[in-house]
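The structure under discussion appears below in the form of structure tokens.
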Amino acid sequence: MPVNQQKSYTLKLVLLGDSSVGKSSLVLRYVKDQFDEYRESTIGAAFLSKTIKYDENTTIKFDIWDTAGQERYKSLTPIYYRNANCAVIVYDVTQLSSLERAKSWIDELQRQGESNTVIALVGNKCDLDSSPVIDSNPNVSHSINWIIVTVKEIWITKMLT
């Protein structure tokens with residue numbers, strides 16, 4: 001009887017988007033299952049990792065780069081999305097302007113990023129009392145996966161795993 005060979009993969013994942021859309025909160029919820037209502041803005045970028053068991057014989061380690069959303073750090077982001085296997089672009093569903101800038105991130109990745117990078121669009125903050133400006137399809141390319149979430153709720157962890 002053949003022995004099942006263990007397989008292990010490491011994938012680079014980068015988060016992009018405007019300042020204060022919830023990128024760091026999304027990563028914190030996914031990696032540590034925590035939420036902090038009053039997070040400081042990321043300076044430059046932050047690095048976290050998470051290893052998941054994909055199936056009985058396979059583990060996947062995500063090396064996650066959480067980039068700063070402030071305009072003054074925009075010139076640094078190509079360093080982080082270079083060679084990324086996956087890019088998660090986050091926008092605030094209560095701010096139409098953040099969706100428009102998220103679409104510009106998608107355009108930039110498609111022009112300058114790796115051709116095989118998987119791109120996902122995440123609309124965040126659907127829990128806020130203010131009415132969401134974008135509460136349905138964000139009207140992006142069919143090749144882009146998208147979801148609208150709140151990182152305050154625990155179910156986001158299950159959706160990303």
With a cut-off of 6.0 Å (strictly less than), are more than 12 heavy atoms of other residues, nucleotides or ligands near CD of Gln6?
yes

So do [Y] and [X] actually touch side chain to side chain, heavy atoms under 4.5 Å?
X      : Y      : answer
Leu109 : Ile89  : yes
Thr117 : Gln110 : no
Phe62  : Ile52  : yes
Ile60  : Thr51  : no
Glu114 : Asn83  : yes

If you apply the rule side-chain contact (heavy atoms from CB on, under 4.5 Å), what do you find for Asn85 with Leu13, and how did you get there?
CA-CA 6 Å; Asn85 301 99; Leu13 186 148; over 6 Å; no

Starting at [atom1] of [X], measure out to [atom2] of [Y] and round the result to the nearest 0.5 Å.
X      : Y     : atom1 : atom2 : value
Tyr91  : Leu96 : OH    : CG    : 10.0 Å
Leu11  : Lys61 : CG    : NZ    : 11.0 Å
Leu121 : Leu99 : CG    : CG    : 6.5 Å
Asp66  : Tyr80 : CG    : OH    : 10.5 Å
Ser24  : Leu15 : OG    : CG    : 8.0 Å

May I ask you to decide if [Y]'s main-chain N or O and [X]'s side chain share a donor-acceptor pair within less than 3.5 Å?
X      : Y      : result
Lys23  : Gly17  : yes
Lys50  : Tyr30  : yes
Thr58  : Asp55  : no
Asp63  : Lys12  : no
Thr59  : Lys53  : no
Ser104 : Arg101 : yes

Establish whether Val88 and Leu48 are linked, either directly or via other cluster members, by ILVMFWY side-chain heavy-atom contacts under 4.5 Å.
yes

Are Val118 and Tyr9 linked, directly or through other ILVMFWY residues, by side chains that come within less than 4.5 angstrom of each other?
no

Across all chains, not counting sequence neighbours, the salt bridge (Lys or Arg N to Asp or Glu O under 4.0 Å) partners of Asp107 are none

Which atom names give the shortest non-hydrogen contact between [X] and [Y], and what distance separates them?
X     : Y      : result
Val14 : Ala84  : CG1-CB, 4.0 Å
Val31 : Ser49  : CG1-O, 3.5 Å
Val90 : Asn124 : CG1-CB, 4.0 Å

Parallel under 30°, tilted from 30 to 60°, perpendicular over 60°: which one fits the rings of Trp105 and Tyr81?
perpendicular

Between Asp92 and Lys125, does any NZ, NE, NH1 or NH2 come within less than 4.0 Å of an OD or OE carboxylate oxygen?
yes

